[in-house]
Amino acid sequence: GQIFVVDAGERCAETMSRMQLAPNRIAAVLLTHFHSDHIGGLGALNLQRWVADAATRPLRVLGPPGVEQVVAGFNEAYALDNGYRTAHHGPEVAPPSGAGMVAEPFALPEADDGSVVLHENGLKITAFVVDHTPVEPAVGYRFDYRGRSVVVSGDTVYARALVRAAQGADLLLH
């Protein structure tokens with residue numbers, strides 16, 4: 001019943017709309033790294049989630065160190081617009097408490113096994129370091145839920161941690 005978005009490139013919100021995925025189902029965005037083609041759609045995605053569904057809490061954005069800076073930049077860029085939208089549409093449509101995003105940084109995993117960055121409602125998300133030199137940090141994610149698993153590599157060349165994370169996975173997106 002929830003959607004976890006991995007990276008939010010340009011037109012992410014439009015793609016989700018075409019796929020008829022309701023913005024209110026977005027539980028969090030997980031960023032693999034901070035190239036513009038992976039973060040450029042965060043503003044529009046957040047706006048759709050907030051105003052289309054009168055969200056009352058900011059959007060959670062998980063990522064490696066640096067996610068705080070990315071989220072702070074978007075929050076600053078949209079600060080005036082957030083106020084305008086609440087004033088224009090009213091707090092029933094654009095509740096001030098739902099504006100913006102909240103960064104949830106996690107420490108980079110030290111081992112090839114990765115580290116759990118979210119574990120709730122039966123879903124376990126594990127981050128692992130990948131090689132996207134010269135970009136650092138860069139991670140991939142493994143999602144485990146009810147005996148099924150999906151691994152998202154992020155941008156990488158060969159990485160032992162990815163090989164390990166993909167062991168026994170039902171689906172690898174690489």
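Along the sequence shown, the residues carry numbers beginning at 1.
Closest non-hydrogen pair, Ala159 versus Val129, comes out as CB-O, 4.4 Å. Across all non-hydrogen atoms, the minimal contact from Leu45 to Met16 is CD1-SD, 3.6 Å. Considering all non-hydrogen atoms of both residues, Ser97 and Thr56 come closest at OG-O, 2.8 Å. Looking at every heavy atom in both residues, Pro137 comes nearest to Phe34 through CG-CE1, 4.3 Å. In terms of heavy atoms, Val51 sits closest to Ala94 at CG2-CB, 4.3 Å. Among all heavy-atom pairs drawn from Ala54 and Pro95, the shortest one is O-CG, 3.6 Å.
Put simply, Val151 and Val163 are part of two different groups of oily side chains (I, L, V, M, F, W, Y) that touch within less than 4.5 Å, one to the next. With hydrophobic clusters built from ILVMFWY side chains whose heavy atoms lie under 4.5 angstrom apart, Ile26 shares a cluster with Leu21. Linking Ile, Leu, Val, Met, Phe, Trp and Tyr whenever their side-chain heavy atoms come within less than 4.5 Å leaves Val152 and Val5 in two separate clusters.
Counting heavy atoms from C-beta outward, Val135 and Asp155 have side chains that stay 4.5 Å or more apart. Counting heavy atoms from C-beta on, the side chains of Leu118 and Phe4 come closer than 4.5 Å. Annotation: side chain of Ile125 is not in contact with side chain of Val116 (no heavy-atom distance under 4.5 Å). In this structure, the side chains of Leu173 and Val150 come closer than 4.5 Å at one or more pairs of heavy atoms. Looking only at side-chain heavy atoms (C-beta outward), Pro96 and Pro91 come within less than 4.5 Å of each other. The shortest distance between side-chain heavy atoms of Leu30 and Phe143 falls below 4.5 Å.
Within the 3.5 Å criterion, the main-chain N or O of Ala13 finds no donor-acceptor partner in the side chain of Ser17. A donor-acceptor pair is defined here as one N or O able to donate and one able to accept, closer than 3.5 Å; no such pair exists between the side chain of Thr156 and the backbone of His132. No donor-acceptor pair closer than 3.5 Å links the side chain of Gln69 to the backbone N or O of Val67. Ser153 places no side-chain N or O within 3.5 Å of a backbone atom of Gly140 that could act as its donor or acceptor partner. For the pair Asn82 (side chain) and Ala99 (backbone), a donor-acceptor distance under 3.5 Å is absent. Proximity of a side-chain donor or acceptor of Arg25 to a complementary backbone N or O of Gly1 within less than 3.5 Å is detected.
More than 12 non-hydrogen atoms from other residues, nucleotides or ligands lie less than 6.0 angstrom from NE2 of His119. In the displayed structure, Glu120 atom CD is contacted under 6.0 Å by more than 12 heavy atoms of other residues, nucleotides or ligands.
Between Asp53 and Arg49 there is no salt bridge, since no side-chain N of the basic residue sits under 4.0 Å from a carboxylate O of the acidic one.
No option in Val130, Leu162, Asp131 other than Asp131 meets the side-chain contact (heavy atoms from CB on, under 4.5 Å) test with Val157.
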Exercise for the section: Please step through side-chain contact (heavy atoms from CB on, under 4.5 Å) for the pair Val29 and Leu59, ending with a clear verdict. Expected result: CA-CA 8 Å; Val29 174; Leu59 176 63; 3.9 Å; yes
Problem - Worked verdict on Asp144 versus Leu123 for side-chain contact (heavy atoms from CB on, under 4.5 Å) - result: CA-CA 6 Å; Asp144 288 286; Leu123 172 66; over 6 Å; no
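Between His33 atom NE2 and Glu136 atom CD the span is 12.5 Å, to the nearest 0.5 Å. Atom-to-atom distance recorded for Thr86:OG1 and Glu92:CD is 10.0 Å, nearest 0.5 angstrom. Here the CG-CZ distance, from Leu80 to Arg85, works out to 12.0 Å after rounding to the nearest 0.5 Å. For the atom pair Tyr141 OH and Phe128 CZ, the distance stands at 9.5 Å (nearest 0.5 Å). With rounding to the nearest 0.5 angstrom, the CD atom of Glu10 is 7.5 Å from the OG atom of Ser36. Once rounded to the nearest 0.5 Å, the distance linking CG of Leu47 with CG of Asp81 reads 6.5 Å.
In this model, a donor atom of one side chain and an acceptor atom of the other lie less than 3.5 Å apart for Ser149 and Arg142.
In this structure Asp7 satisfies the side chain to side chain donor-acceptor pair (under 3.5 Å) test together with Thr32, His38, sequence neighbours excluded. Considering only residues two or more places apart in sequence or on other chains, Phe74 meets the side chain to side chain contact (heavy atoms under 4.5 Å, CB included) condition with Ile39, Leu42, Val70, Tyr78, Met101.
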